[in-house]
Amino acid sequence: MSESAQHLVMWLIPGAPLVAAIIIALAGKGLLKERSHWPCWIGLALSAACALCMWKTIVPAGFDSHSPAVATGYEFLNIGTMQVPIALRADAISALMLTMVTTVSFLVSIFAAGYMHHDPGYPRFFMAFSLFVFSMCMLVLSGNFLQLFIFWEAVGLCSYLLIGFWFKKPSAAAAAKKAFVVNRIGDFGLIIGMFLIWTTFGSLNFDDVLLNGAKIQELATTSPGTITLICSMLFLGAMGKSAQFPLHVWLPDAMEGPTPVSALIHAATMVTAGVYLVARCTPLFMYAPEVQVTISVIGAITALLAALIGLTQFDLKRVLAYSTVSQLGYMFMALGAGAAGEDLMTTAVTAGMFHLFTHGFFKALLFLSAGSVMHSMGDVIDMRRFSGLRKVIPITHFAFLCGALALAGFPLISGFWSKDEILSVLNKASAHTIYGKYFAAVFWVACGTAFITVFYTFRAYFLTFWGPTKIPAEAGHHPHDASPVMAWPLRILAFASLIIGGAVGFNHAFADYLHHGTGLPHAPHGSFNYSLMALSTVISLAGIALAWFCYVQSPAIPEKTATALAPLYMLSQNKFYIDEILWGILVAPLRGLSHLSFLFDKYFIDKLVDLVGMIPRWISAAPRWLQAGSTPGYALVMWGGLLAYLVLVMGSLR
C-alpha cells in the first residue's frame, strides 16, 4: 500500500464518523428523520474496515516499533519552540484499540436503531453517537499530548450529551452533570501532567517524550521526583476517565442514559481511555515504580469494592455497571505490575490491554442483552419484578449467557484467557524483593474479586432467566424478543465473546503483536501457568455453582443471609455510602464556599463597584448650585475667577 493510501485509510477512521455526525446534524430532522441511522452505520462500518486494514497492513505484526505510521494534517500550534501539529499516529496499541472501538461501536449502533426507533430524539442520538466515536478515534490516534487532551475533553462532552440524552428526566440530567464534573477532577491532573512534560522535555509529541529513552533515564537519575509527579498526574487523569476509586462514583449513575449509550461508554470508548493513557505512557511509568504500585493497589481496591456493591444491587444495568468498574480495576492491577521489573513491563501492559480488548466485546454484549430485557419488559429493569425469561426471550437469554460466561472467566472462553494473564503477571510480581508483598496482596484480592464477580454475574443471570415465569404489567401480555436489527448484533458479539480470547491468547498472538508498541521491549512469552489456570477454573465453577444453589435450588437462602448480615448487606446495598461521604467531604463544603462567595460578591464586590460609580455623581453634584439660573451666582463665580487670575498674575510679576 502506498504512503498516500495509508494516510487516506488513517484519516478515514475518525473522518467517516465525523462526516456522518455532520450529515445527521444538518439533515436529521428535515430529510433523514427515521433514517438518521444510515449515515452513522455507513460511517462506522467504513471506520471499522479501515481500522482492520490498518491493523493488517499499515501496522502489521513485524513492523518497526521505532517507526510508527504518521499522517500529518496541519500545524495547529506554533509558538516559539512549541510546535503541535494535528496528526494521526498509529502503532500496535492504537491499532488494537481502534479495531475493538470501531467494531463494537458499529454493532452497538445497529442495535440502537431498533432500541431507539420510536424516540423523538432519534436524529440527535445518532449525531451524538457518531461524534462520540470520532472523538474516541482521534484520542487513540493522537500523536501528541495536547491533541490527546483536546479529544479527551471531546469524549467527555459527548458522554455528557449521551448520558443526559433524556434531559427532561431529572435523574438523567443529574447523572450527566455528575459524570462531567467528576471527570474534571481527573482532567485537572492530566493538565498538570502535560505542563510538567512540556517544561521537562520541551515537547508534547509522543515521539519526543516517550521514545527519548536517554532523557527519561537521565531524569530518573537526576530528578526522580519529577518523573514520579508526572506519572502521578497522568494517573489522576486516568482515574477520572476509567472510574477508579474514589472517582468511580459517576459510572454507575451513567445508566440513566439509553442502554446503547451504556454499552458504548462501558465497553468500547470512554472508560477505556484511562487504561490506554497509562499503557501508552509506559516508558515513563517504568521509571516510577512507586506510582505503578499505587496504580495496582488502587485497581485492587476499586475491583473489590465494586464487586462487593454489585452483590446486592437489583437493577440489572447497575450490576453490569459495577462489573465494569471492577474489571477496569483488574486492568489497572495488571498495568501496575510492571513495577516488579523491566522484564515484566511488556507482560503487564499486554495483560491489561488484552483484558481491555476482550472486555469490550463481552461487556457490550451484556449491556445490549440487558437493554433487550428492558425493551421487552416495558422498560422495567428491576430483577425483582421479572424472572424465568429464558423461554420468553430465548435469543436474549443465549446472548446474556455467553456474556456472563465470558465475564465469569469460564474455562476456554474470552474472559478466562485475559483474566488468567492478569493473575499470572500479578503472581510473578509477587516474587519481587521490594514490592512483592504488595503484589501478593493484590493477587489474592484479584482471586477473591474473581469469585465474587462470578457469583454476582450468575446471580443476575439466574434471577432474570430462571425461576417461575414472572412478567411485569408494563410488558403487556405478549413480551417480544429482540427484533432482527437488535438480535444480529447480539449473535455476533456472543460469537466474539466465546472465541476471541482463545483465538489471540492461546497462541500468544496478542503478546507477540503488542510488544511492537512504542517503548515496549520484546518480552518472550513463557509457557502457560497451568496451576493458575486450574485455580481460575475452580473459582469460575465454584462461583456458578454457589449462585445456582442460592438462586435456583434454594432461593430462600439469600433473604435469610441478608437478614442475618443486615449491617453488611445495607452497607453494600448503599454503595458503602461513598457518595454520601464525598458529598460531606467535597460537595457540601464547596457549595458552602460558593454560597459565601455569592454573598461576598453581592454585598461587598457589587457594593464596592456601585460606590466607585457614585464618585463621579458626587463630583458632578458639587457645582450644580452654580447652574441654578441666578445672576448674582454667575457674577460671584466671575468675580472669583477674576480674583484668582489677578492673584496668579501678581505672583508671577513679583
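By convention here, the first residue in the shown sequence is residue 1.
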Would L426 and M333 count as a side chain to side chain contact (heavy atoms under 4.5 Å, CB included) here? Give the steps. CA-CA 8 Å; L426 290 174; M333 280 191 247; 4.1 Å; yes

W38 meets the ring pair (Phe, Tyr, Trp, His ring centres under 6.0 Å) criterion, sequence neighbours left out, with W41

Is the distance between the ring centroids of H359 and F362 less than 6.0 Å? yes

Keeping to residues at least two apart or across chains, list the salt bridge (Lys or Arg N to Asp or Glu O under 4.0 Å) pairs with something in residues 398-410. none

Please list, one pair per line, the donor and acceptor atoms closer than 3.5 Å that link side chains of residues 245-253 to other protein atoms, with sequence neighbours excluded.
{"unit_1": "W250", "atom_1": "NE1", "unit_2": "G240", "atom_2": "O", "d": "3.0"}
{"unit_1": "D253", "atom_1": "OD1", "unit_2": "R318", "atom_2": "NH1", "d": "3.3"}
{"unit_1": "D253", "atom_1": "OD2", "unit_2": "K178", "atom_2": "NZ", "d": "2.7"}

So, for I395 and A487, which heavy atoms are closest and what is the spacing to 0.1 Å? CG2-CB, 4.0 Å

Taken in chain and number order and not counting sequence neighbours, the residues that satisfy side chain to side chain contact (heavy atoms under 4.5 Å, CB included) with V181 are none

Taking the inter-plane angle between the rings of F458 and F462 on a 0 to 90° scale, is it parallel (under 30°), tilted (30 to 60°) or perpendicular (over 60°)? tilted

Measure from the side-chain N and O atoms of T457 to the backbone N and O of A404, and report whether any donor-acceptor pair falls under 3.5 Å. no

Is any side-chain heavy atom of F111 closer than 4.5 Å to a side-chain heavy atom of V485? no

Starting from the C-alpha separation in whole Å, work towards a yes-or-no answer on side chain to side chain contact (heavy atoms under 4.5 Å, CB included) for F443 and L532. CA-CA 11 Å; F443 170 78; L532 280 181; 3.6 Å; yes

For residues 377-395, which residue pairs qualify under side chain to side chain donor-acceptor pair (under 3.5 Å), counting only residues two or more places apart or in two chains? D382-R384, R385-E474

Are Q327 and H355 close enough that a side-chain donor and a side-chain acceptor fall under 3.5 Å? yes

Without swapping roles, check the side chain of Y160 against the backbone of K177 for a donor-acceptor pair under 3.5 Å. no

Do S159 side-chain atoms and G156 backbone N/O form a donor-acceptor pair below 3.5 Å? yes

Is there a donor-acceptor pair under 3.5 Å between the side chain of S109 and the backbone N or O of F106? yes

Would you name the heavy atoms of S242 and V275 that are closest together and state the gap between them? OG-N, 3.3 Å

T453 versus S326, closest heavy-atom pair with distance: OG1-OG, 4.2 Å

What pairs of donor and acceptor atoms, side-chain ones from residues 115-136 against any protein atom, are under 3.5 angstrom apart with sequence neighbours left out?
{"unit_1": "Y115", "atom_1": "OH", "unit_2": "T259", "atom_2": "OG1", "d": "3.1"}
{"unit_1": "D119", "atom_1": "OD1", "unit_2": "G121", "atom_2": "N", "d": "2.8"}
{"unit_1": "D119", "atom_1": "OD2", "unit_2": "W166", "atom_2": "NE1", "d": "2.7"}
{"unit_1": "Y122", "atom_1": "OH", "unit_2": "H37", "atom_2": "ND1", "d": "2.8"}
{"unit_1": "R124", "atom_1": "NH1", "unit_2": "F165", "atom_2": "O", "d": "3.2"}
{"unit_1": "R124", "atom_1": "NH2", "unit_2": "F165", "atom_2": "O", "d": "3.4"}
{"unit_1": "S130", "atom_1": "OG", "unit_2": "F126", "atom_2": "O", "d": "2.9"}
{"unit_1": "S135", "atom_1": "OG", "unit_2": "L131", "atom_2": "O", "d": "2.9"}

Compare all side-chain heavy atoms of L162 with those of L264 and state whether any distance is below 4.5 angstrom. yes

Donor-acceptor pair, side chain of T102 and main chain of L98, under 3.5 angstrom: yes

Sort and list the pairs that fulfil ring pair (Phe, Tyr, Trp, His ring centres under 6.0 Å) and have at least one residue in residues 309-330, not counting sequence neighbours. none

Could you pull out all residues at least two apart from S540 that satisfy side chain to side chain contact (heavy atoms under 4.5 Å, CB included)? A408, F410, P411, I544

Distance in Å, Q244 CD paired with T302 OG1, rounded so as to fall on 0.5 Å steps: 4.0 Å

Could I get the full list of ring pair (Phe, Tyr, Trp, His ring centres under 6.0 Å) partners for F398, not counting sequence neighbours? none

Please find the pair of heavy atoms, one from Q313 and one from V319, that lie closest to each other, and give the distance. O-CG2, 3.6 Å

Can you tell me how far CG of L320 sits from OG of S262, rounded to the nearest 0.5 angstrom? 9.0 Å

Short question: side chain of D420, backbone of F416 - any donor-acceptor pair under 3.5 Å? no

Donor-acceptor under 3.5 Å (E421 side chain, W417 main chain): no

Please answer whether the main-chain N or O of L423 pairs with a side-chain N or O of N427 as donor and acceptor at a distance below 3.5 Å. no

Do the non-hydrogen side-chain atoms of P489 and V108 ever get within less than 4.5 Å of each other? no

If only side-chain N and O atoms count, and only distance matters, is there a donor-acceptor pair under 3.5 Å linking K363 with T324? yes

Indicate whether the side chain of T312 and that of S572 have a donor and an acceptor atom separated by less than 3.5 Å. yes

Strictly by modelled atom types, are D481 and S376 linked by a side-chain donor-acceptor pair under 3.5 Å? no

Distance, nearest 0.5 Å, that separates CZ of F354 from CD1 of I500: 8.5 Å

Could you grab the distance from atom CD1 of I471 to atom CE of M377, nearest 0.5 Å is fine? 5.0 Å

Contact check, side chains of S414 and L498, non-hydrogen atoms, under 4.5 Å: no

Which residue pairs pass the salt bridge (Lys or Arg N to Asp or Glu O under 4.0 Å) test when at least one of the two sits in residues 155-174, sequence neighbours left out? K169-E256

Indicate yes or no for a side-chain donor-acceptor contact from T464 to the backbone of A460 under 3.5 Å, with no hydrogens or angles considered. yes

Value for CD1 (I492) from CD1 (I110), rounded to nearest 0.5 Å, stands at 6.5 Å

Starting at OG of S296, measure out to CD1 of I422 and round the result to the nearest 0.5 Å. 10.0 Å

Looking only at atom types and distance, does a side-chain atom of K241 sit under 3.5 Å from a main-chain N or O of A273, one as donor and one as acceptor? no

Scan for side chain to side chain donor-acceptor pair (under 3.5 Å) pairs involving residues 549-567, sequence neighbours excluded, and state none if there are none. R459-Y551

Who are the side chain to side chain donor-acceptor pair (under 3.5 Å) partners of S497, not counting sequence neighbours? none

